[in-house]
Structures are given as structure tokens and as C-alpha cells.
Amino acid sequence: MKFSVFTVMTPDLKPEELVSSLRAFGYDGVEWRCTPIPEKVKRNQPSYWGNNLSTLDPRNTDDELKSFYTGSMNSEIEVVSVTPYLTCGDLQETERILQIANKIGAGSIRLGVPQYNRTFHYNDLFDQAVHYLYECEQLCKQYDVKGLVETHHNTIAASASSAYRLVSPFSPDHIGVLYDPGNMVIEGHENYRLGMELLGPYLAHVHAKNAAWVPVEKNEEPLKWESQWTSLPEGFVKWEEVIKDLKAVGYDGFIGMEDFSGKYETKEALQRNLAYFKQLLS
């Protein structure tokens with residue numbers, strides 16, 4: 001297996017520093033967060049989803065995009081993906097991201113999936129998503145970039161099985177699944193190997209983070225629970241079991257670090273996370 005970093009977890013590192021650090025620490029790839037950052041946000045301190053300095057702006061010129069490509073190539077770091085925040089059905093923006101991915105040599109992008117909040121019927125959302133993915137499949141084939149559906153809480157693809165139902169009508173050459181056990185702590189947990197076996201050739205990428213449910217006590221109210229991100233070894237995801245199951249199904253692709261715990265400084269977190277997985281694989 002190979003290791004990459006989704007740059008949402010490296011908000012205080014500029015692209016050049018990030019790529020050189022990845023090479024120095026022994027990583028194989030990078031996944032570029034891709035979204036516009038409003039000017040007013042750029043005055044804020046770096047943060048995961050705010051002023052993230054390791055973010056590719058989809059409004060970048062071709063020359064600016066070229067710097068992302070050449071910087072990675074010069075450091076022998078593979079551009080694994082361009083990871084935006086697409087809305088299901090927005091084919092114009094989806095094609096723009098595919099064009100960017102193609103220009104910088106990325107192998108995949110993350111596609112839009114409908115959120116589920118009890119406002120619309122699941123079956124209607126599913127039909128909407130299938131129609132969108134049909135169009136995406138054609139675009140992905142055209143640009144030679146795979147489109148991924150992420151297992152993510154609060155969407156209609158929270159589990160491996162629900163993601164599989166969504167992608168199964170399409171070719172795994174063009175449409176796949178980004179398997180995220182950390183998200184599935186919050187919603188969608190299934191036996192890891194069962195989900196991987198079901199996904200089969202659609203298992204295209206894996207994200208590595210962890211989460212836990214912790215009790216929240218407020219005065220004399222009944223005990224309640226909320227989820228929070230943790231460091232990789234500390235949460236509910238049994239990563240030693242996930243690795244064992246990935247090996248069992250023959251997965252040899254990338255595992256992308258996505259640590260939101262904030263427990264360590266960015267570079268220390270990068271080093272610790274890679275060392276943790278190297279130990280699991282030994």
C-alpha cells in the first residue's frame with residue numbers, strides 16, 4: 001500500500017513546503033483540497049476548512065495549476081486526487097474540476113452526493129444521484145480521471161453498502177468509492193471486510209482518520225453523546241483490523257491521511273501517522 005495526505009489536514013503549510021515535507025517524511029502522494037477561499041477568510045489564522053494554505057483554487061490559471069503539477073513531480077510525489085466540495089447535479093463545476101485534475105495529473109476527483117436530512121425522500125435523492133453519476137461517468141471517461149463517491153455521514157452514501165448501491169450501475173474503470181472508516185464511526189458502520197468485499201473493484205481509495213463518541217453532561221439533563229475527531233490510534237476505528245481486511249481483499253492502493261484531531265503540530269502529525277501505519281503493516 002502507498003500513503004498520501006489530503007491537504008485539508010495541513011492548513012498551515014503552503015504547497016511547496018507541504019510537498020517537500022511529504023517527500024522528506026516518506027509519503028507517496030498528495031490529495032489537493034480544491035475550493036475557493038474568500039478574501040475575508042484569508043485574513044484569518046490557518047484552519048482545516050477556513051484559511052487553508054494547502055488549497056488549490058479552481059479559479060487558478062493554467063500557469064498556476066502547472067506549479068502544483070511540477071512541484072509534485074519534482075518531489076516525486078504523485079497527485080492522487082483533486083478533492084472539491086461538489087453539489088450533486090452540478091455538471092458544469094464537475095467538468096471544471098475534471099479538467100483541473102487532468103491538467104495536474106490527478107487520478108481521481110470526489111463527486112457530489114446528495115445530503116440526507118429528512119427533507120427529501122431517499123428514493124428521490126437516489127434517482128437524482130444516479131442521473132448525475134451517469135453524466136459523470138461519461139465525463140470521467142473523457143478526461144481519464146476516476147470519479148469517487150465517499151462514504152460520508154449525512155449523505156445517502158454513509159455506508160459501504162449504500163455507496164455500492166449508488167455506484168454499481170457504472171463501470172469501476174470510471175466510477176469508484178472512497179472508503180472512509182472514520183466517517184463511518186459517525187454514521188454507516190459495517191463490518192469492514194464485508195463492506196470491502198461488497199465494493200470489490202469499486203474500492204478505489206481509503207481515507208485514514210478516527211473518531212469517537214463521547215458523553216456530554218449538561219447540568220442535570222439526561223446523558224447525551226456527541227462525536228469528535230481523535231488521533232488515529234485513539235478512536236473507534238480499529239485500524240489494525242482495517243489494514244488486515246484491506247490486505248485480505250487485495251487492496252494495494254493509497255491510504256490518504258485525514259487527521260482532524262489537532263493533537264499535534266502539522267508536521268509532527270504527518271510523521272506520527274505514517275509511522276503508525278508503517279508499524280501496522282510490518
Side-chain angles (χ1 to χ4, degrees), residues 1-6 27-31 78-84 86 88 98 101 106-113 126 129-130 132-134 136-137 140-141 144-153 155-211 232 235-259 273-274 276-278 280-281:
M1 296 178 203
K2 297 174 288 185
F3 296 95
S4 57
V5 170
F6 180 23
Y27 281 89
D28 307 289
V30 62
E31 307 166 47
E78 182 176 340
V79 182
V80 180
S81 72
V82 171
T83 307
L86 292 169
C88 178
L98 284 167
S108 64
I109 70 166
R110 181 172 63 184
L111 299 173
V113 175
F126 180 82
V130 168
Y132 167 69
L133 290 177
Y134 173 79
C136 288
E137 182 180 36
C140 289
K141 183 177 182 179
D144 193 27
V145 176
K146 185 175 288 190
L148 304 184
V149 168
E150 182 176 9
T151 57
H152 204 293
H153 46 286
T155 74
I156 65 168
S159 66
S161 57
S162 59
Y164 175 76
R165 181 171 187 249
L166 197 53
V167 303
S168 59
F170 308 102
S171 168
D173 292 336
H174 309 301
I175 302 293
V177 170
L178 166 48
Y179 185 76
D180 192 318
N183 286 341
M184 292 156 61
V185 169
I186 301 172
E187 181 188 2
H189 174 72
E190 294 171 320
N191 180 287
Y192 302 128
R193 191 177 302 188
L194 180 153
M196 296 171 191
E197 290 172 348
L198 176 64
L199 289 173
Y202 293 98
L203 178 58
H205 190 43
V206 177
H207 266 174
K209 59 176 176 282
N210 215 331
L232 284 170
F236 282 17
V237 178
K238 300 175 182 177
W239 276 108
E240 63 278 5
E241 190 172 298
V242 175
I243 292 296
K244 184 188 303 182
D245 291 343
L246 286 170
K247 288 181 177 179
V249 300
Y251 180 79
D252 62 354
F254 274 94
I255 294 178
M257 306 299 178
E258 195 186 22
D259 184 351
N273 291 342
L274 186 58
Y276 173 67
F277 273 98
K278 294 285 189 181
L280 292 180
L281 284 169

Minimum side-chain heavy-atom gap F277-M1 below 4.5 Å:
no

Evaluate the side-chain proximity of I243 to I255: yes if any heavy-atom separation is below 4.5 Å, no if none is.
yes

Which pairs of donor and acceptor atoms, one on a side chain in residues 163-172, lie under 3.5 Å apart (sequence neighbours left out)?
unit_1 : atom_1 : unit_2 : atom_2 : d
R165   : NH1    : Y122   : OH     : 2.8
S168   : OG     : Y164   : O      : 3.2
S168   : OG     : R165   : O      : 3.4
S171   : OG     : D173   : N      : 3.1

Report the residues that fulfil ring pair (Phe, Tyr, Trp, His ring centres under 6.0 Å) with Y132, sequence neighbours left out, ordered by chain and then residue number.
none

Side chain to side chain contact (heavy atoms under 4.5 Å, CB included) between E31 and V80: does it pass, once the steps are laid out?
CA-CA 5 Å; E31 307 166 47; V80 180; 3.9 Å; yes

Is there a side-chain contact between L246 and L203 (heavy atoms, below 4.5 Å)?
yes

Between R110 and P84, is there a donor-acceptor pair closer than 3.5 Å when you use the side chain of the first and the backbone of the second?
yes

Restricting to non-hydrogen atoms, name the atom on V145 and the atom on A101 that form the minimum distance, rounded to 0.1 Å.
CG1-CB, 4.0 Å

Test H152 against V113 for side chain to side chain contact (heavy atoms under 4.5 Å, CB included), laying out the working first.
CA-CA 9 Å; H152 204 293; V113 175; over 6 Å; no

Heavy-atom distance under 4.5 Å between the side chains of V185 and H153, does that happen here?
no

Could you check whether any side-chain N or O of N210 sits under 3.5 Å from a backbone N or O of F236, counting only pairs where one atom can act as donor and the other as acceptor?
yes

For residues E258 and D180, determine if any side-chain heavy atom of one lies less than 4.5 Å from a side-chain heavy atom of the other.
yes

Straight-line distance of L198 CG to S159 OG, nearest 0.5 Å:
9.0 Å

With K146 via salt bridge (charged side-chain N to carboxylate O under 4.0 Å, His left out) - residues at least two apart:
none

Given the rule in the side chain to side chain contact (heavy atoms under 4.5 Å, CB included) test, do N183 and K209 qualify, once you have shown the distances and angles that lead to the verdict?
CA-CA 8 Å; N183 286 341; K209 59 176 176 282; 3.0 Å; yes

Partners meeting ring pair (Phe, Tyr, Trp, His ring centres under 6.0 Å) with Y192 (sequence neighbours left out)
H189

Spacing of CD1 belonging to I175 relative to SG belonging to C140, to within rounding of 0.5 Å
4.5 Å

Any idea which heavy atoms bring G182 and A211 closest together, and the distance?
O-CB, 4.1 Å

Could you list the residues that satisfy ring pair (Phe, Tyr, Trp, His ring centres under 6.0 Å) with F6, not counting sequence neighbours?
H207

Validation row: E78, D28 side chains within 4.5 angstrom (heavy atoms)
no

With sequence neighbours excluded, give me every side-chain hydrogen bond (donor to acceptor under 3.5 Å, both in side chains) pair touching residues 241-256.
R193-D245

Please step through side chain to side chain contact (heavy atoms under 4.5 Å, CB included) for the pair L86 and I109, ending with a clear verdict.
CA-CA 10 Å; L86 292 169; I109 70 166; 4.3 Å; yes

Without swapping roles, check the side chain of E190 against the backbone of A160 for a donor-acceptor pair under 3.5 Å.
yes

Distance col, row L280:CG vs E240:CD, nearest 0.5 angstrom, shows 6.5 Å

Distance from Y27 atom OH to L274 atom CG, nearest 0.5 Å?
4.5 Å

Nearest non-hydrogen partners of S108 and L148, listed with the distance
OG-CD1, 3.7 Å

So, for A204 and G176, which heavy atoms are closest and what is the spacing to 0.1 Å?
CB-CA, 4.3 Å

Report yes if some heavy atom in the side chain of L133 is under 4.5 Å from a heavy atom in the side chain of V149; otherwise report no.
yes

Pairwise distance CG(N273) to CG(L232) - rounded to 0.5 angstrom
4.5 Å

